[in-house]
Structures are given as structure tokens and as C-alpha cells.
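For this chain, numbers begin at 1 and follow the sequence in order. Every heavy atom of this structure was used, including side-chain atoms; hydrogens, water molecules and symmetry mates were not.
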Amino acid sequence: MRAALVGIDFGQGDFAASVEELQLLARSAGAEPVTTITAKRSSPDAAYFVGSGKADEIGLAVLDHRIEIVIFNHALSPAQQRNLEKRLNIRVLDRTSLILDIFAQRAASHEGKLQVELAQLQHLATRLIRGWTHLERQKGGIGLRGPGETQLETDRRLIGERVKALRARLDKLRKQHETQRRSRGRSQTFSVSLVGYTNAGKSTLFNAVTKAGVYVADQLFATLDTTSRRVYMGQEVGNVVISDTVGFVRELPHQLVAAFRATLEETIHADLLLHVVDASSPVRMEQIEQVNLVLKEIGADHIPQILVWNKIDAAGLEPSVERDEYDKISRVFLSARTGQGLDLLRGAIVEWAKNAPGARLNQAYHVDEEADEEPAEPEAEPDSSPTLTHVGSH
């Protein structure tokens, strides 16, 4: 599908990186970016977001390049989206709808599909309009005459009922996850969650540490399904549960954060977060900030973090470890693709697990008469909890 991308520079953040990310998002959704239209504004136009003159420019680009869809790098109001579609006579998508569409394509697990549908319905509910010919059609028949229910009201009611049903099913799954976490808590197994900006290499790192074989691709949100694995880290520590949980992107739709809260809570209950950063990205500090904003929103900002600077082979860095003023490991520099520095990360996890407050580490598993030293490669086996679904992946 041939797409025109529209980005407006309001003088905040790295605009070029934002537009580049929009191109990646569009390709991830299956669109082919043909042209990119940019402009500078101090604030959005109330009617068209971009102003009438720029809207006409977009209209000309649509005709010149045979565009099939226009994608904005911003969240549009329902009125702005309607006005643009009417003026351009073509489908207009905003950033929120684009990300929701990608999630709908990638959701594979039952829980993931429920969460995506909930987010889509919540987004759709704000965009129901009186634009159909049957909106004022009244219900008739003996005993049923009267003002009746318009189609708009019917749609709102049906969406409301479906949202209520989805929330109930997700609450049930949430309680199941809580039961599984309590079971882990009783054995006091140290829990580690991988978080980070999407495409930072989380899934590659997860595979390298756990040998899990999670799907990896060089695209945004390559997969939404997360997996937990129990990894043996040596006789001193025993088992550690590692989860590939959350992949973020700037301006992550609030509907998704709310819908995926049940899954995101897996992060809240972790003992340690491995915050994976693309060391080769020129906007890595902004990406770190975006991830921390979402962690704060879900209540996970209090959990200790190790910043894992991945892709050092592309950044020209050497594997190393940095410590903070309390002599705790705060950064690990590695390459998940080449394996450089993975031993440093394993050592960091072991050190944190050994020093965890009140931890009674699970040493029963994998301990026998010959287990005097750590195996050459950590062995991983599936955690007892089912495959979960999360926001983002690779």
C-alpha cells in the first residue's frame, strides 16, 4: 500500500529520528512509504492539524504519487481526522491507529489478541460519528414504537458491552498471573525482566542468555508474545527467571498501556530490570527517557535497573562493566549478536541475585554430586507460567 508520511516539527526532541521511526512503523504495518511531507509549526491547527495550505499540498502529493493512505506521525483528534479525510478524499491514519494496527497483526497469543481488541475498541469509541445514512433509523413494530435507539447509540452500547466483557476476561488472566507470581515468590526465585525501546535487541539478548529461540527480526514490534525462562546460573545462585517483557516506542498510545496492564505487571513484580539500550543509536538517551516514562506510568520505576548497552560491535565499544557510587553494577556493555560481554551480564545478574534482600535462592534444581562448578553454558527450560503477551519485542 503506497503511503504518504506527514510529520510536523514543533521544536521538541529529535525530529529527524521521529520521522525515521515513522517510516519503520509504516513498513512494519505493511505500507510502502513513497513520500514524506514535513513542516514546522508552533502548535497544531484545530481543523486540519497541519493547516489548510499544507493540507492542499498533501492532496497534490496524493495525486502525483498515487497515494493510497496518508499516515500522520501524531495523534489526531476525531474531528481533525474526519476533516482531513473529507478534504483529501483518502484514508488518513494517525500514529495511534498505526501502532494499534501493527499490534493487531502481530498478536498471536489469546491474551495478546484480547488486549489488542480492547485497545482498538477504546480508540474506536472516540471516533464514532453521525456520518451514516441509517443513524436515525428507528426501531418499529407493535409495542416498540417511540423514539427508539439510533445506530450511533447502538454502536456505542455494543462497544461498551464488548469492552466490559474483554476487561472481565483480562482480569481473570491477571489473577492467574498473580497466582503464578505468588508461587514464584514462595520459592523466592530471583526474577529478571528485560525492558527497552523496541528494536534495541531485547529478543536477541534473551535468546543469547536463555537459548529460548524467540523470533527475532530487524523491525519494530517483531513479536508481541513474551516468554519467561528459568535459567540455571550456577550453584551459588541456582535458578533465575528471566522474562522478555516490554518493548516501548515514543508516544506509546495510552490505550495500549491500559489494555496491556495485566502483562506489564510482570515487570512491576521483577526483582531486577535489564534496560536494553541500542548503543549505536544517536537518540539512545531519548529512548532511555521514553522507556523510563512508561515504567513510571505502570509503577515499575522503583525497581533496580542495569543499563545494558547492546550492539557495541556497531558502536565501536568494548565489553565492560560500570559501577555506581555504591559499588553496584549499573551498566554492562555487550553485543548480544556476537556474544561479546555476555559473561559480564551473567556475572552481574548473579551478583544482584546473591545480594537480593532476604533472598532464599532456589538451589535445589540442577544440584547433584558433580555440580561443584558452574556449567559452561547456562541451561534454560520453560517457566511454569504460560506464554505472556507484551508491548513490543526485538
Side-chain angles (χ1 to χ4, degrees), residues 5 7 9-29 73-75 95-96 98-99 102-103 106 192-206 208 216-224 226 243-254 256-257 260 263-264 267 270 272-317 322 330-337 341 345 390-394:
L5 309 183
D9 184 2
F10 294 107
Q12 299 173 343
D14 191 321
F15 178 66
S18 177
V19 171
E20 183 180 346
E21 184 174 276
L22 178 64
Q23 294 174 346
L24 290 173
L25 285 169
R27 291 192 180 95
S28 296
N73 193 27
H74 313 273
R95 184 184 177 88
T96 300
L98 177 63
I99 294 176
I102 296 171
F103 274 50
R106 305 282 163 76
V192 179
S193 288
L194 272 68
V195 298
Y197 209 79
T198 186
N199 216 29
K202 290 189 305 82
S203 296
T204 303
L205 180 61
F206 183 74
V216 173
D218 186 16
Q219 59 182 204
L220 303 186
F221 308 119
T223 175
L224 299 183
T226 193
S243 300
D244 181 18
T245 53
V246 184
F248 298 128
V249 70
R250 63 166 59 87
E251 298 175 34
L252 191 68
H254 291 292
L256 277 174
V257 175
F260 279 73
T263 296
L264 294 173
T267 302
L272 176 67
L273 300 181
L274 299 182
H275 184 162
V276 184
V277 180
D278 181 354
S280 65
S281 172
V283 291
R284 56 184 177 270
M285 301 311 295
E286 182 184 341
Q287 293 177 349
I288 291 173
E289 184 181 351
Q290 291 291 329
V291 171
N292 286 332
L293 283 174
V294 180
L295 289 175
K296 184 176 182 179
E297 185 174 350
I298 64 175
D301 54 327
H302 66 284
I303 301 173
Q305 280 190 27
I306 293 178
L307 279 174
V308 180
W309 288 61
N310 188 26
K311 305 186 184 181
I312 60 170
D313 51 324
L317 301 173
E322 287 185 2
S330 58
R331 292 191 193 188
V332 177
F333 294 80
L334 56 77
S335 170
R337 187 180 65 85
L345 179 63
H390 75 109
V391 188
S393 172
H394 173 57

Undergrad: Tell me the closest heavy-atom pair linking Ala336 and Ala208, and the distance in Å.
TA: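 Residues Ala336 and Ala208, closest heavy atoms: O-CB, 4.0 Å.
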Undergrad: Looking at side-chain heavy atoms only, is the closest gap between Val19 and Leu5 below 4.5 Å?
TA: no
Undergrad: Is the count of non-hydrogen atoms from other residues, nucleotides or ligands lying under 6.0 Å from Glu20 atom CD greater than 12?
TA: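 Incorrect, the count does not exceed 12.
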Undergrad: Do Leu205 and Leu334 make a side-chain contact, defined as non-hydrogen atoms from C-beta onward lying under 4.5 Å apart?
TA: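 In contact.
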Undergrad: Can you name the nearest heavy-atom pair linking Ala279 to Trp309, along with the distance?
TA: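 Ala279 and Trp309 have their closest heavy atoms at CB-CE3, 3.8 Å.
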Undergrad: Mind checking whether Glu21 and Val283 have side chains closer than 4.5 Å, heavy atoms only?
TA: no
Undergrad: About how many Å separate CZ of Arg331 and CD of Gln305, when rounded to the nearest 0.5 Å?
TA: 11.5 Å
Undergrad: So which atom in Ser280 and which in Ala314 form the shortest heavy-atom distance, rounded to 0.1 Å?
TA: CB-CB, 3.9 Å
Undergrad: Looking at every non-hydrogen atom in both residues, tell me the closest pair between Ser18 and Asn73 and how far apart they are.
TA: OG-ND2, 2.6 Å
Undergrad: Hey, are the side chains of Arg284 and Tyr197 touching, using non-hydrogen atoms and a 4.5 Å cut-off?
TA: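 Not in contact.
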Undergrad: Please examine the side chains of Ile99 and Arg95, heavy atoms only from C-beta on, and report whether any two atoms are closer than 4.5 Å.
TA: yes
Undergrad: Any sub-3.5 Å donor-acceptor pair from Ser330's side-chain atoms to Glu322's backbone N or O?
TA: yes
Undergrad: Work out which heavy atom in Ala29 is nearest to a heavy atom in Ile102; give both atom names and the distance.
TA: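 That would be CB-CG1, 3.7 Å.
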Undergrad: Ignoring hydrogens, what is the shortest heavy-atom contact between Asp9 and Phe15? Give both atom names and the distance.
TA: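 Looking at all heavy atoms of both residues, the shortest contact is N-CE1, 3.5 Å.
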Undergrad: Do Leu273 and Leu295 come close enough that some side-chain heavy atom pair is under 4.5 Å?
TA: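 The answer is yes; the side chains approach within 4.5 Å.
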Undergrad: Could you check whether any side-chain heavy atom of Leu22 comes within less than 4.5 Å of a side-chain heavy atom of Leu98, counting everything from C-beta outward?
TA: yes
Undergrad: If you define the side chain from C-beta out and look only at heavy atoms, does anything of Asp278 sit under 4.5 Å from Asn199?
TA: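 They are not in side-chain contact.
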Undergrad: If you round to the nearest 0.5 Å, how far is CG of Asn310 from CG of Leu274?
TA: 11.5 Å
